[in-house]
S.K.: 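This is the structure I have questions about; it appears just below.
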Amino acid sequence: MDTVKPTTNLKKAQETMEASKPDTATRILDVSERLFVEHGFEGTSLRMITQQAEVNLAAVNYHFGSKDALFESVFMRRLAPLVAACLAELDRLDAAEGKTTVEELVMAFIRPCLALSKDPSRGGALFVRLLSRALVENHRLLRETISQQYSVFVHRFGKAFKEALPGLSDEELAWRMHLAFGIMFNAFAGNDVLKIFVRSQVVTARDPDMIVKHLLPFVVSGLVAPAQG
């Protein structure tokens, strides 16, 4: 009776484990994403990334070239689908009958963020927090990349809000959108400032559904408030 050698079984097990691992580039991106959330861009070193991704520095340089390029790649793989989902929401509103409300426009941004936060395969809540934190901190590289590659997103939302709020001047509308999106990014950044005001283990500002419940009426009220002067 033939028997399988233990070394053969071990080799097959090792091959199966290797095959199930993410490829090197994906592993670097996944680890970097988590570390950027935990420590920020400046606080995350390439040494930390290589150690936790179990790769050498040459692998990072080969796939990404630099820490800045890695940071941008972490965002681009998640941000492009999110922007596409937001634009699809606007397309749906444009195709519907009747005038689009401010609440519907706000939800055209929030709904894809909420869906993303619940989908670990697309980064989940971790990426939503990272994106929000980077935008709040106004990271130069990300700001420049977004302005260059996602001008359609900015133009479409700006135009839609202008049509929904015709009584506002361009300057007033720009301020309100600046404040509204700033509030939304802060809310999703996961800093949980709520703990300062409510000392409870149950109440948390890191539950995406609870964030939206309180965020939506607050943001909409600020956008639709009577024009100053």
Side-chain angles (χ1 to χ4, degrees), residues 3-86 112-150 185-192 195 201 204-209 211:
T3 59
V4 179
K5 295 180 179 180
T7 54
T8 302
N9 284 336
L10 178 60
K11 183 178 180 181
K12 287 183 177 179
Q14 290 174 336
E15 289 174 348
T16 300
M17 289 177 63
E18 286 298 321
S20 65
K21 286 184 178 180
D23 64 81
T24 301
T26 300
R27 196 158 70 248
I28 294 170
L29 288 170
D30 289 343
V31 168
S32 300
E33 186 174 70
R34 175 172 52 79
L35 290 175
F36 286 143
V37 170
E38 293 175 358
H39 305 287
F41 177 76
E42 298 297 337
T44 300
S45 67
L46 287 177
R47 176 185 288 273
M48 293 165 63
I49 293 171
T50 56
Q51 286 180 342
Q52 296 198 27
E54 298 180 340
V55 299
N56 55 36
L57 184 59
V60 176
N61 291 331
Y62 174 77
H63 287 286
F64 303 101
S66 67
K67 183 181 173 183
D68 278 354
L70 172 58
F71 187 68
E72 184 176 348
S73 296
V74 166
F75 279 93
M76 291 306 102
R77 69 166 179 164
R78 310 289 196 198
L79 190 57
L82 175 61
V83 168
C86 291
C113 289
L114 189 60
L116 174 60
S117 73
K118 297 180 179 181
D119 186 354
S121 69
R122 294 192 293 137
L126 187 70
F127 176 71
V128 174
R129 286 176 57 196
L130 178 59
L131 172 62
S132 300
R133 185 169 298 178
L135 290 171
V136 168
E137 295 173 355
N138 199 23
H139 191 278
R140 174 192 56 78
L141 177 66
L142 185 61
R143 183 180 69 249
E144 292 175 356
T145 300
I146 290 177
S147 64
Q148 292 170 4
Q149 299 191 27
Y150 299 104
F185 291 140
N186 267 293
F188 280 113
N191 295 323
D192 212 355
K195 292 294 186 184
Q201 297 300 317
T204 176
R206 291 190 175 178
D207 179 346
D209 290 302
I211 290 172

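Bear in mind that the values here come from a model prediction, so they are computed numbers and not experimental data.
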S.K.: Measure the CD1-NE2 distance between Ile28 and His63 for me, rounded to the nearest 0.5 Å.
M.R.: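 The CD1 atom of Ile28 sits 5.5 Å away from the NE2 atom of His63.
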S.K.: Distance check, rounded to the nearest 0.5 Å: Asp209 atom CG versus Lys118 atom NZ?
M.R.: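 It comes to 3.5 Å.
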S.K.: Looking only at heavy atoms, what is the nearest atom pair of Phe41 and Lys67, with distance?
M.R.: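 Scanning both residues completely, I find the closest heavy atoms to be O-NZ, 2.8 Å.
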S.K.: Could you report the tightest heavy-atom contact between Leu79 and Phe127, atom names first, then the distance?
M.R.: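 Of all heavy-atom pairs spanning Leu79 and Phe127, the closest is N-CZ, 4.0 Å.
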S.K.: When you compare the side chain of Leu70 with that of Ile49, does any pair of heavy atoms fall below 4.5 Å?
M.R.: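 Yes. Closest side-chain heavy atoms under 4.5 Å.
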S.K.: Within this structure, what is the CG-CG distance for the pair Leu46 and Asn56, rounded to the nearest 0.5 Å?
M.R.: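 Between Leu46 CG and Asn56 CG, I get 12.0 Å after rounding to 0.5 Å.
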S.K.: When rounded to the nearest 0.5 angstrom, what is the spacing between OG1 in Thr44 and CD in Glu33?
M.R.: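 Rounded to the nearest 0.5 Å, the OG1-CD separation comes to 12.0 Å.
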S.K.: If we only count heavy atoms from C-beta on, is the Met48 to Glu38 side-chain gap below 4.5 Å?
M.R.: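 Sidechains of Glu38 and Met48: no contact.
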S.K.: Taking all heavy atoms of Ser32 and all of Val74, pick out the closest pair and write down the distance.
M.R.: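 The pair with the smallest heavy-atom distance is CB-CG2, 3.9 Å.
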S.K.: Can Glu54 and Val31 be said to form a side-chain contact (heavy atoms from CB on, under 4.5 Å), step by step?
M.R.: CA-CA 10 Å; Glu54 298 180 340; Val31 168; over 6 Å; no
S.K.: Once rounded to the nearest 0.5 Å, what's the spacing between atom CD of Gln52 and atom CG of Asp30?
M.R.: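 Taking CD in Gln52 and CG in Asp30, the distance rounds to 12.0 Å.
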S.K.: With a 4.5 Å limit on heavy-atom distance, are the side chains of Leu29 and Phe64 in contact?
M.R.: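 In contact.
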S.K.: Side chain of Thr50, backbone of Arg47: donor and acceptor closer than 3.5 Å?
M.R.: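 Answer holds: yes.
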